[in-house]
Amino acid sequence: MKTDTYRGAITRAMRHAMEKNERTILFGQGVTDHVGILGTTLNLEKEFGSDRVFETPLAEDSMTGFALGASLSGLYPIHVHIRADFMLLAMNQLVNSIAKYRYMYGGLFATPMLIRSIVGRSWGQGAQHSQSLQALFAHIPGIYVVMPSSARTAYATYIYANSACASPVVSLEHRLLYDYSFDRKDDEDVIFYPFTSFRVRQGGDVTIVATSIMVEEAIRAANYVKEMTGLDAEIIDLHCISHPDENLIIESVRKTGRLIVADTGWESFGVCAEIARIIATREPNVLRAPIKCLSLAKAPCPTAHRLEHWYYPDMANLVDSIYSLCFDRFDHGKQLPSEEYVKEVHKTFKGPF
Amino acid sequence: MKTDTYRGAITRAMRHAMEKNERTILFGQGVTDHVGILGTTLNLEKEFGSDRVFETPLAEDSMTGFALGASLSGLYPIHVHIRADFMLLAMNQLVNSIAKYRYMYGGLFATPMLIRSIVGRSWGQGAQHSQSLQALFAHIPGIYVVMPSSARTAYATYIYANSACASPVVSLEHRLLYDYSFDRKDDEDVIFYPFTSFRVRQGGDVTIVATSIMVEEAIRAANYVKEMTGLDAEIIDLHCISHPDENLIIESVRKTGRLIVADTGWESFGVCAEIARIIATREPNVLRAPIKCLSLAKAPCPTAHRLEHWYYPDMANLVDSIYSLCFDRFDHGKQLPSEEYVKEVHKTFKGPF
Amino acid sequence: MTVSHKNMLRDALRIRMVEEKIIELYPSDVIQSPVHLSIGQELHTVALMSLLQTTDRVFTTYRSHAAYLAKGGDLNLMFAELYGKQTGIAKGKAGSMHLCHPSTGLMGSSAIVGAVFSHATGAAYADKLKKNGDIVLCLTGEGATEEGTFHECLNFSALKQLPLVYVIENNGLAINIPLECRQSYRLEALARAYQIPYAHIEDSFNIDTIIAAARPLIEQARSASKPAVIEIATYRYKEHVGVSCDHNRKHRDASAITMWEKRDPLIVDRDLDAYRDEITAEILEAVCFAEKSEFPDHDELLKDVY
Amino acid sequence: MTVSHKNMLRDALRIRMVEEKIIELYPSDVIQSPVHLSIGQELHTVALMSLLQTTDRVFTTYRSHAAYLAKGGDLNLMFAELYGKQTGIAKGKAGSMHLCHPSTGLMGSSAIVGAVFSHATGAAYADKLKKNGDIVLCLTGEGATEEGTFHECLNFSALKQLPLVYVIENNGLAINIPLECRQSYRLEALARAYQIPYAHIEDSFNIDTIIAAARPLIEQARSASKPAVIEIATYRYKEHVGVSCDHNRKHRDASAITMWEKRDPLIVDRDLDAYRDEITAEILEAVCFAEKSEFPDHDELLKDVY
Ligand SMILES: Cc1ncc(C[n+]2csc(CCOP(=O)(O)OP(=O)(O)O)c2C)c(N)n1
Ligand SMILES: Cc1ncc(C[n+]2csc(CCOP(=O)(O)OP(=O)(O)O)c2C)c(N)n1
Ligand SMILES: [Mg+2]
Ligand SMILES: [Mg+2]
């Protein structure tokens with residue numbers, strides 16, 4: 001089977017957007033340099049001209065409003081932020097203008113656009129270069145918020161957004177996924193509807209709803225647990241954070257009775273809260289035990305590597321949660337994966353970025 | 001018993017802050033004009049000088065960072081926004097700087113400050129002048145977020161913030177509460193710890209967790225239902241949105257088995273979600289029925305009065321929810337309060353603001 | 001006086017009379033939303049828009065009535081919008097603060113001060129890319145220039161040489177706060193720092209000087225794709241929001257209004273009275289259209305949210 | 001050469017050698033966070049800080065090593081911070097991008113470009129209010145001036161006449177993007193638009209011209225409470241982030257570095273070699289302090305969150 005990296009899929013989606021839709025413009029700080037947004041925009045300026053692929057000054061708020069103005073005028077803007085933290089400078093335009101334009105004007109306007117940004121987690125990024133702010137965006141009616149967890153979902157979402165949809169889409173890519181390889185399905189170039197959630201693993205013992213890189217961690221944890229104990233976890237990739245497939249989640253928990261939410265952001269008012277809301281307002285009695293949440297420590301991100309290690313939940317925490325849920329006790333006594341095994345992926349990361 | 005309006009209490013708190021703490025500075029657009037932030041800053045410039053009470057240019061982002069710099073230098077900044085929507089321009093400074101400063105620097109700095117802003121709901125304010133964005137702020141570790149629902153909680157919170165606490169506090173006042181009168185307790189000037197939640201009504205049949213003006217609506221609904229059916233609702237004023245009293249909520253629902261969350265914001269990733277998280281991650285089996293959420297329609301706020309009426313939940317929706325929860329059916333057949341009765345308060349509101 | 005001058009004065013008077021109608025209606029609560037009146041600022045808006053083509057686009061603020069009408073917005077749809085009716089231009093969802101009329105080029109009005117600078121910039125970029133010869137005009141108050149986005153947009157539109165004219169209505173007030181409390185810069189020097197051509201219109205009641213100052217910049221925007229800043233000294237007759245006067249309030253000079261009114265052609269030019277009847281009839285028809293229209297249904301509430 | 005010149009050159013060399021030590025250590029992963037080196041930009045930082053008093057305060061960016069050391073930051077605490085140790089100035093929570101040293105006046109370094117303009121403005125306002133005779137210095141790159149907050153802060157500090165000096169290190173690059181792709185304004189004209197005094201330092205290797213240009217503005221800030229903008233033409237020897245060179249990358253002129261290096265006193269002034277041994281010893285001691293220190297405990301994770 002062919003494989004594809006996350007980086008590769010996004011790169012192809014960018015080129016496709018430029019080739020197939022001449023209204024597409026691509027801009028942001030760093031889209032034309034030799035790094036090219038982690039490689040995903042390399043050479044595009046040369047291929048498509050500097051009118052369509054261009055640098056911007058440091059001006060996140062205005063360049064977001066710029067995207068809206070361009071979109072209203074028939075262009076398809078792709079605006080890229082090298083880190084999601086910088087989107088905080090653009091909240092006004094995103095929330096007050098973009099999310100409201102179509103509704104506020106009674107449907108007179110369409111505002112298609114894609115805002116890509118990257119969850120900077122990697123390595124000593126500290127409090128201002130690591131945030132995973134999906135909850136802030138998903139709270140606001142009027143925008144689609146996605147977090148592609150794989151090459152396939154990233155590709156399909158971007159193709160769909162650019163060619164078949166009229167809505168503003170905010171996508172948070174994850175820094176650590178860029179080098180991951182994924183199986184490449186034959187139907188990959190067929191666009192599927194991406195503004196929903198996907199079941200990525202079947203199982204009957206526990207449901208894991210995961211976002212972004214936590215989907216990969218969940219798959220690794222589930223495989224490990226399966227091997228060690230035979231327990232089978234069902235995994236749902238939430239993917240569209242703002243418009244998840246609520247039924248898929250409810251049906252899974254109806255079957256398993258146990259739920260873990262594994263997210264890249266903070267717990268309060270975050271994805272964990274939202275999933276809890278879906279269950280508790282629809283069928284709280286599907287839960288045979290309290291929901292377990294794996295998310296960031298309730299603090300800004302510390303730079304020191306030692307603290308950072310505790311700050312982020314990982315596969316071992318997931319395995320631990322599965323055991324304590326399924327054996328209904330905190331001190332389940334089961335063996336956790338070795339530190340080496342857990343770090344397998346992240347360990348390969350090297351700075352400075 | 002003496003009474004006090006919300007406006008009156010906030011005005012007294014502002015004067016107190018200026019009098020008792022000479023480090024206090026008060027600034028924002030409109031703090032010195034003849035409207036004086038709905039009356040709460042009137043005359044303060046004259047009394048305390050234009051160095052301590054001053055207008056700012058339209059520059060929300062910078063004036064928020066300015067507050068941080070002033071706070072680091074030993075001042076106590078009170079920054080006022082006439083509408084919470086404008087805080088979206090300040091998200092960068094609030095989230096990237098203010099919420100992180102103390103932690104990021106290992107506790108070397110204290111950053112006391114109060115950011116007051118007003119939920120603009122009143123009357124045809126539309127999509128950009130009405131938002132209740134508490135969830136965006138409360139998601140971020142490092143800030144206290146409060147929504148005073150009464151004269152007493154507003155006063156006590158501001159006094160405490162200014163005199164006894166070193167943290168950044170974001171307060172969302174509600175436009176429609178300004179003219180409400182509240183009983184004034186004798187101990188009112190004694191500062192109590194305000195970064196928590198309060199039980200404002202005892203009852204055994206259903207728990208209502210409410211924020212801001214929805215606390216008033218809940219009290220009215222509970223009294224109505226009590227009179228009509230004898231059912232007794234327990235009401236918790238969430239008050240500190242970012243640091244609620246989880247035990248108070250859990251204990252109440254353990255008793256009543258039924259929970260309504262009544263909030264001024266959107267449901268997804270909002271207060272409703274957060275309360276659901278608290279229950280579902282701790283004791284989901286206290287719920288004898290799904291949680292009911294009363295919140296904004298999942299849309300920007302429409303300007304047309306007719307649509308606005310449907311957009312906001314009101315006391316009648318609360319009564320309806322209590323009935324359908326307590327009688328365990330949607331078509332409970334009970335009589336709802338008359339439209340006249342429901343509108344009693346809001347109807348008195350007249351524009352242009 | 002030329003025919004076109006007469007037409008402009010007539011159009012300005014029409015805007016004035018529309019807003020006077022709003023003042024008359026307002027106490028009855030048929031318009032249940034804030035209104036920010038343009039009274040005093042109509043004529044220059046009409047004069048500037050006369051230099052635009054229908055395909056040129058305009059972005060403006062909550063103080064949107066004048067721009068809406070001057071850019072050809074439909075009066076029936078406007079009143080229905082103010083009344084919160086389904087037949088309003090935006091089905092009542094926009095209201096007074098957010099008028100728009102895309103078919104004649106009004107692309108939106110924001111109640112967030114400064115927000116439209118960048119919308120206009122993006123639209124102008126599209127024009128430049130499409131080489132369609134259209135330009136964009138962005139009409140805001142002077143207070144808006146205090147927001148950082150103004151700097152960002154001036155920089156970007158100068159960098160990319162966009163066909164975009166920022167028109168700044170300097171009425172000396174942001175809500176109730178005078179300019180001296182807010183600005184340490186002169187707009188001219190600021191524009192020049194980006195090498196953006198600038199024009200100042202001292203007399204906003206003189207069509208000739210308005211046109212003379214604005215035309216070269218607008219033509220240069222169109223033919224040479226260059227941004228420009230035009231500042232207009234103007235005066236707001238009414239309170240910031242609402243239909244009353246506030247001349248004797250703190251921060252305002254009670255005597256200034258007489259000076260303006262004395263020179264205001266819409267007041268002093270008695271020839272214009274000839275237009276009043278037909279304008280009144282048109283306004284009454286629009287009000288009648290609004291009154292007769294239905295309120296939106298419940299399913300409108302969740303329509304058009306992504 | 002005066003004693004004070006010697007001292008400044010020595011201090012600049014010390015910063016250079018500290019960063020060279022970081023380059024040497026970096027591949028071993030003892031410093032596990034991004035580093036933005038000041039190499040090439042040290043001397044003017046030292047010279048400017050020499051005009052400040054200890055109670056004057058400084059705000060700067062992620063490129064914080066030079067400002068930290070020049071403002072008197074402790075070297076042991078710095079290395080421990082880079083190593084992520086409990087003994088670091090911020091217990092390892094800040095790291096290279098966020099150095100601070102409040103006791104000698106470095107009040108913070110932000111990795112959000114432009115964020116510190118307003119922090120500095122607020123701090124300067126406090127000085128003015130307290131009439132303590134202190135001033136604030138805000139040190140950023142030229143890219144930061146593109147953010148709208150720069151306009152907002154220039155306006156406000158001119159309006160309130162704050163004792164505040166914005167120092168802009170113009171190295172012509174924001175990450176890898178040259179100035180021409182980003183800026184249509186000249187900083188001098190921009191500052192003048194707010195009537196803020198401006199000085200340009202052409203030769204960042206010449207202590208005399210730096211001091212001559214900066215001293216009057218700094219003294220005026222202190223004695224007359226006036227803001228100022230100082231722009232310095234400078235050059236970043238290393239890549240934006242990380243410890244390598246990137247001169248032959250797109251957007252950079254590979255030959256420029258030789259021109260700079262040829263004039264760089266830290267390279268050409270052989271007299272300075274006399275300081276090397278003692279500086280090396282000091283650095284080794286700091287590294288040793290960092291190495292021997294403990295990592296933070298688990299309970300540090302949730303400490304100091306409000
Ligand atoms: C971002 C933002 N900040 C504050 C406000 C509140 N506000 C509404 S209008 C206004 C004054 C704007 O003045 P100006 O731009 O001169 O326009 P004018 O009303 O004079 O036409 C202010 C401060 C707002 N709507 N948006
Ligand atoms: C608000 C924001 N936008 C973008 C970035 C990404 N970024 C980091 S450094 C930098 C360049 C800044 O250039 P300049 O201000 O000239 O400083 P220099 O690195 O040259 O010292 C950019 C764009 C950021 N950190 N913050
Ligand atoms: Mg004005
Ligand atoms: Mg630079």
Side-chain angles (χ1 to χ4, degrees), chain A residues 60-61 85-86 88-97 99-100 103-104 126-128 131 133-136 138-142 241-242 259 265-285 287-293 296-303, chain B residues 60-61 85-86 88-97 99-100 103-104 126-128 131 133-136 138-142 241-242 259 265-285 287-293 296-303:
Chain A
E60 287 79 4
D61 175 75
D85 314 69
F86 308 154
L88 288 163
L89 284 89
M91 283 302 271
N92 171 42
Q93 285 294 347
L94 188 65
V95 176
N96 278 332
S97 298
K100 302 192 174 10
Y103 184 87
M104 188 162 91
Q128 300 180 325
Q131 293 169 92
L133 300 169
Q134 58 271 27
L136 298 193
H139 178 57
I140 307 298
I241 312 296
S242 56
L259 176 60
W266 289 296
E267 196 171 314
S268 296
F269 295 89
V271 169
C272 298
E274 178 61 3
I275 304 301
R277 184 190 69 80
I278 292 169
I279 305 273
T281 58
R282 294 185 50 169
E283 273 187 67
N285 58 10
L287 290 174
R288 274 182 266 148
I291 298 176
K292 275 207 175 292
C293 295
L296 302 179
K298 196 165 184 167
C301 181
T303 299
Chain B
E60 286 79 2
D61 175 75
D85 314 69
F86 308 154
L88 287 163
L89 283 88
M91 283 299 272
N92 172 43
Q93 285 294 348
L94 188 66
V95 176
N96 278 332
S97 298
K100 300 188 175 17
Y103 184 87
M104 188 161 91
Q128 300 179 326
Q131 293 169 93
L133 300 169
Q134 59 272 27
L136 298 193
H139 178 56
I140 307 297
I241 313 296
S242 56
L259 175 60
W266 290 295
E267 195 171 314
S268 296
F269 295 89
V271 169
C272 298
E274 179 61 3
I275 304 301
R277 184 190 69 79
I278 292 170
I279 305 275
T281 59
R282 293 186 49 169
E283 273 187 67
N285 58 9
L287 291 174
R288 273 182 267 150
I291 298 175
K292 277 207 175 292
C293 295
L296 303 179
K298 196 165 181 166
C301 180
T303 299

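On a predicted model such as this, the values are computed, not experimentally measured, just so you know. Residue numbers start from 1 in every chain, and the chains themselves are labelled A, B, ... in the order their sequence lines are given, proteins ahead of strands.
Judged as a ring pair (Phe, Tyr, Trp, His ring centres under 6.0 Å), and not counting sequence neighbours, Tyr103(B) has no contacts. For Glu274(A), the salt bridge (Lys or Arg N to Asp or Glu O under 4.0 Å) partners at least two apart in sequence or on another chain are Arg277(A).
Looking only at heavy-atom pairs under 4.5 Å with chain A, the residue among Ala297(B), Gly270(B), Ala99(B), Gly142(B) that has the most is Gly270(B). Residue with the most contacts toward chain A among Arg282(B), Lys292(B), Gln128(B): Gln128(B) (heavy-atom pairs, distance under 4.5 Å).
For Ala289(B), the part lying under 4.5 angstrom from a heavy atom of chain A is the backbone only. Looking at Ile241(A), the atoms closer than 4.5 Å to chain B (heavy atoms on both sides) sit in the backbone and in the side chain alike. For Leu89(A), the parts sitting under 4.5 Å from any heavy atom of chain B are the backbone and the side chain alike. Residue Thr303(B): no heavy atom, backbone or side chain, is found under 4.5 Å from chain A.
Within the 4.5 Å cutoff, no side-chain heavy atoms of Asn92(A) are placed close to those of Phe86(B). For the pair Val271(A) and Phe269(B), the minimum side-chain heavy-atom distance is below 4.5 Å. When side chains are defined from C-beta on, Met91(B) counts as touching Leu136(A), because their heavy atoms get closer than 4.5 Å. Residues Lys298(A) and Pro141(B) are in side-chain contact: their nearest non-hydrogen atoms beyond the backbone lie under 4.5 Å apart.
Minimum heavy-atom separation, Thr281(A) to Pro290(B): O-CB, 3.4 Å. Of all heavy-atom pairs spanning Ala127(B) and Met104(A), the tightest one is CB-SD, 3.7 Å. The minimum heavy-atom distance between Ala276(B) and Ala280(A), with the atom names listed, is CB-CB, 4.0 Å.
In this structure, Asp61(A) CG and Leu88(B) CG are separated by 10.5 Å, a value rounded to the nearest 0.5 Å. Between the CD1 atom of Ile140(A) and the CG atom of Leu133(B) there is a distance of 6.0 Å, given to the nearest 0.5 Å. The CG atom of Asn285(A) sits 9.5 Å away from atom CG of Leu287(B), with the distance rounded to the nearest 0.5 Å.
Although no hydrogens or angles enter the test, the distance criterion places a donor-acceptor pair under 3.5 Å between the side chain of Asn96(B) and the main chain of Asp85(A). Of the possible polar contacts, one joining the His139(A) side chain to the Ser268(B) backbone as a donor-acceptor pair under 3.5 Å is found.
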Quiz item: What's the verdict on side chain to side chain contact (heavy atoms under 4.5 Å, CB included) for Gln131(A) and Val95(B), showing C-alpha distance, side-chain angles and the deciding distance?
Solution: CA-CA 10 Å; Gln131(A) 293 169 92; Val95(B) 176; 3.5 Å; yes

